[in-house]
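A short worksheet on the structure shown next.
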Amino acid sequence: MAERYYPNEMGGLSIEELAPESAKDSLSKLRSLPYDTISQRLKLDAINLKHEVVRETWAAKGRHVNDYRLYTGTLGTAYLLFKSYQITRNNDDLALCSDIIQACDAGCNGSGPPTFIGGHAGIYALGTVAAKNNGDDQLCQQFLTKFKEIKLPIDLGDDLFYGRAGYLWACSFLNKHLGKGTISISQMRAVVNELIKAGRKLLKLENFKSPLMYESRGKKYWGAAHGLAGVMNVLLDMELKQDEIEDVKGALRYMIKNRFSSGNYRTSEGDESDVLVHWCHGAPGVALTLAKAAKVFGDDEFLEAAREAGEVVWRRGLLKRVGICHGISGNAYVFLSLYRLTGKEEYLYKAKAFACFLHDRAHTLICEGIMHKGDHPFSLFEGIGGMACLFLDLVEPFESRFPAYEV
């Protein structure tokens, strides 16, 4: 288990800064600096990373799109550019973001699952929002029309990556950026009905103690990407009936009750391997969902569970990868979420510590072959694109959001 992550030697519970004169190495010296100084260094690093990502995924490929997805493809570059625009207000970023989205649209041609992360719903939703910010009303309407014309297949799954939850997340993204009602409640409600129905159906067939359960690719996953935590995360943004609210609470309580003794969460139903501490599988993704549940329901039970999951991430979350799906960058977002929720400086300290570790050591560790650069090293979810997003989010931590998971 230990070989999957680096030992966290950055101090556990104290939020006090190191005195610069007592810092013994470059990482300690970096962490000892005032937060404003660190955030500006991270911002500069993020901008340099952004340029590298654009060069490798766009310019070097002749501005041609092979992989249009947000997860590993060129749409992830567009998302990074949009995040950069939000922080820097650089209109060049927004213009390039729009150009890339249009190329993704042409390359996609309506294919793939109708989700934000894995298919054309992400292209249309991000395209709509980017065009709106760019003042291009005609392009905004074109993308919005394409989104509203999406027809969900009858046999569509339920998860965030490939299923109904991923479509609903795209709806929430549009409603946040263009205004409530951009995607009507009735249109979303029809999909919510199918999600609830599917979750209860599996319960009846296999007699689970959780009131909701979902299956993806033959497994009953618990995590954010393909499982229960991801579906609950999306449902928490929906207008639910009282019995549906109780089912969501019950599903979360089921996971809390049946987590590992370490505090980590199972990859799937029946899994006994306490190994993965990733956003996609394990405590990080569940922690983000529990934090949202604590905010939505005002329930101390979910707040405490989110904090406990955060402790797992602090102990075992310095993974030997950089990305947001299964790397240090994604795990750092847990602390940003807890900071927004509680206002406690402890969590900002921990997010900063993970970011400082990346800033100080990631490049060297990758060059030495000690840290995995990712199968798609410049992508949003597996590579340095996600790290750049994290660094930008640390500039304005109260506005931070895990890409394509926190609305």
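Nothing fancy with the numbering, it's 1 onward along the sequence.
A distance-only check finds no donor-acceptor pair linking the side chain of Asp247 to the backbone of Pro211 [under 3.5 Å]. Looking only at distances, no side-chain donor or acceptor of Asn233 sits under 3.5 Å from a matching main-chain atom of Ala229. Between the Asn264 side chain and the Gly282 main chain, no donor and acceptor come within less than 3.5 Å of each other. Counting only distance, with no hydrogens or angles, the side chain of Glu382 and the backbone of His376 share a donor-acceptor pair below 3.5 Å. A donor-acceptor pair under 3.5 Å is absent between the side-chain atoms of Glu56 and the main chain of Glu52, judged by distance alone. The main-chain N or O of Lys241 is found under 3.5 Å from a side-chain atom of Glu244 such that the two form a donor-acceptor pair. Not one N or O on the side chain of Asp299 forms a donor-acceptor pair closer than 3.5 Å with the backbone of Ala294. A distance-only check finds a donor-acceptor pair linking the side chain of Thr74 to the backbone of Asp67 [under 3.5 Å]. A donor-acceptor distance shorter than 3.5 angstrom exists from the side chain of Arg189 to the backbone of Glu239, with no hydrogens or angles considered. Put simply, the side chain of Arg316 never gets that close to the backbone of Val313: no donor and acceptor are under 3.5 Å apart.
Closest non-hydrogen pair, Leu380 versus Cys389, comes out as CD1-SG, 3.7 Å. In plain terms, the two heavy atoms of Asp393 and Arg401 that are nearest each other are OD2-O, 3.3 Å. What you find for Leu236 and Ala293 is that their closest heavy atoms are CD1-N, 3.7 Å. Taking every heavy atom of both residues into account, Asp159 and Ala225 meet most closely at OD2-O, 3.8 Å. Across all their heavy atoms, Ser400 and Leu336 have their closest contact at OG-CB, 3.5 Å. Of all heavy-atom pairs between Tyr85 and Asn90, the closest is CD1-O, 3.5 Å.
Within a 6.0 Å radius of NE2 in His363, no more than 12 heavy atoms belonging to other residues, nucleotides or ligands are found. Counted within 6.0 Å of NZ on Lys373, heavy atoms from surrounding residues, nucleotides or ligands total 12 or fewer; the atom is thus considered open. Glu272 CD: more than 12 foreign heavy atoms inside a 6.0 Å radius.
One finds no salt bridge joining Asp300 and Arg307 here, because no Lys/Arg side-chain nitrogen approaches an Asp/Glu carboxylate oxygen to under 4.0 Å. A salt bridge does not link Lys176 with Asp237: none of the charged nitrogens is closer than 4.0 Å to a carboxylate oxygen. A salt bridge is defined here as a Lys NZ or Arg NE, NH1 or NH2 lying under 4.0 Å from an Asp or Glu carboxylate O, and Asp360 with Arg31 fails to meet this definition. Ion pair Arg164/Asp158 flagged as a salt bridge, since at least one NZ, NE, NH1 or NH2 atom sits closer than 4.0 Å to an Asp/Glu carboxylate oxygen. Ion pairing between Glu311 and Lys350 holds under the 4.0 Å rule for side-chain N and carboxylate O. The pair Glu399-Arg340 fails the salt-bridge criterion, with no side-chain N (NZ, NE, NH1 or NH2) lying under 4.0 Å from an Asp/Glu carboxylate O.
Annotation: side chain of Ile185 is not in contact with side chain of Met188 (no heavy-atom distance under 4.5 Å). Here the side chains of Met213 and Glu269 are in contact, with some heavy-atom distance below 4.5 Å. No side-chain heavy atom of Val234 sits under 4.5 Å from any side-chain heavy atom of Ser172. In this structure the side chain of Phe143 reaches within 4.5 angstrom of the side chain of Gln102, judged on heavy atoms. For the pair Ile150/Lys146, no side-chain contact is recorded, criterion being any heavy-atom separation below 4.5 Å from C-beta on. Using a 4.5 Å cut-off on side-chain heavy atoms (C-beta onward), His226 and Arg217 make contact. Counting heavy atoms from C-beta on, the side chains of Leu318 and Phe357 come closer than 4.5 Å. In this structure, Pro113 and Tyr167 have side chains that are not in contact, with every pair of non-hydrogen atoms separated by 4.5 Å or more.
Between the side chains of Asp93 and Ser84, a donor-acceptor pair is found at a separation under 3.5 Å. If you check the side chains of His359 and Arg41, you find no donor sitting under 3.5 Å from an acceptor.
Between Phe161 and Phe381, the ring planes are perpendicular. Angles over 60° get that label, and only those under 30° would be called parallel. Ring geometry for Tyr79 against Phe116 counts as perpendicular: the plane angle is over 60°, on a 0 to 90° scale with 30° as the lower cut. Under the 30°/60° scheme for interplanar angles, the aromatic rings of His278 and His326 are found to be tilted.
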| message | Evaluate Thr72 against Arg69 for side-chain hydrogen bond (donor to acceptor under 3.5 Å, both in side chains), listing each step before the verdict. | response | CA-CA 6 Å; Thr72 54; Arg69 296 173 299 170; 2.9 Å; yes
| task | Using the side chain to side chain contact (heavy atoms under 4.5 Å, CB included) rule, take Asp243 and Arg200 through it: C-alpha gap first, then chi angles, then the decisive distance, then the call. | result | CA-CA 12 Å; Asp243 62 322; Arg200 289 172 174 172; 3.0 Å; yes
| request: Output, in order, the C-alpha distance, side-chain angles, deciding distance and verdict of side chain to side chain contact (heavy atoms under 4.5 Å, CB included) for Val231 and Leu160. | output: CA-CA 6 Å; Val231 178; Leu160 186 74; over 6 Å; no
| task | Start with the C-alpha gap between Ile100 and Leu75, add the side-chain angles, then the distance that decides, and say whether side chain to side chain contact (heavy atoms under 4.5 Å, CB included) holds. | result | CA-CA 7 Å; Ile100 290 175; Leu75 190 65; 5.9 Å; no
| request: Go through the steps to decide whether Tyr221 and Tyr214 satisfy the test ring-ring contact (aromatic ring centres under 6.0 Å, His included), and finish with yes or no. | output: CA-CA 7 Å; Tyr221 288 109; Tyr214 299 89; over 10 Å; no
| Criterion side chain to side chain contact (heavy atoms under 4.5 Å, CB included) on Leu168 and Leu195, from CA distance to verdict | CA-CA 10 Å; Leu168 283 175; Leu195 263 184; 3.7 Å; yes
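By the 6.0 Å and 45° rule, Lys320 does not stack over the aromatic ring of Tyr5. Figure legend: Lys249 and Phe297 shown as a cation-pi pair, the cationic atom lying under 6.0 angstrom from the six-membered ring centre and within 45 degrees of its axis.
Sorted by first and then second residue, the side chain to side chain donor-acceptor pair (under 3.5 Å) pairs involving residues 107-136 (not counting sequence neighbours) are Tyr68-Ser111.
Aromatic pair Phe260/Tyr265: centroids not less than 6.0 angstrom apart. Ring pair Tyr405/Tyr333: centre-to-centre distance not below 6.0 Å. In this structure, Phe147 has its ring center no closer than 6.0 Å to that of Phe173. In summary, the aromatic rings of Tyr339 and Phe398 are positioned with their centroids under 6.0 Å apart.
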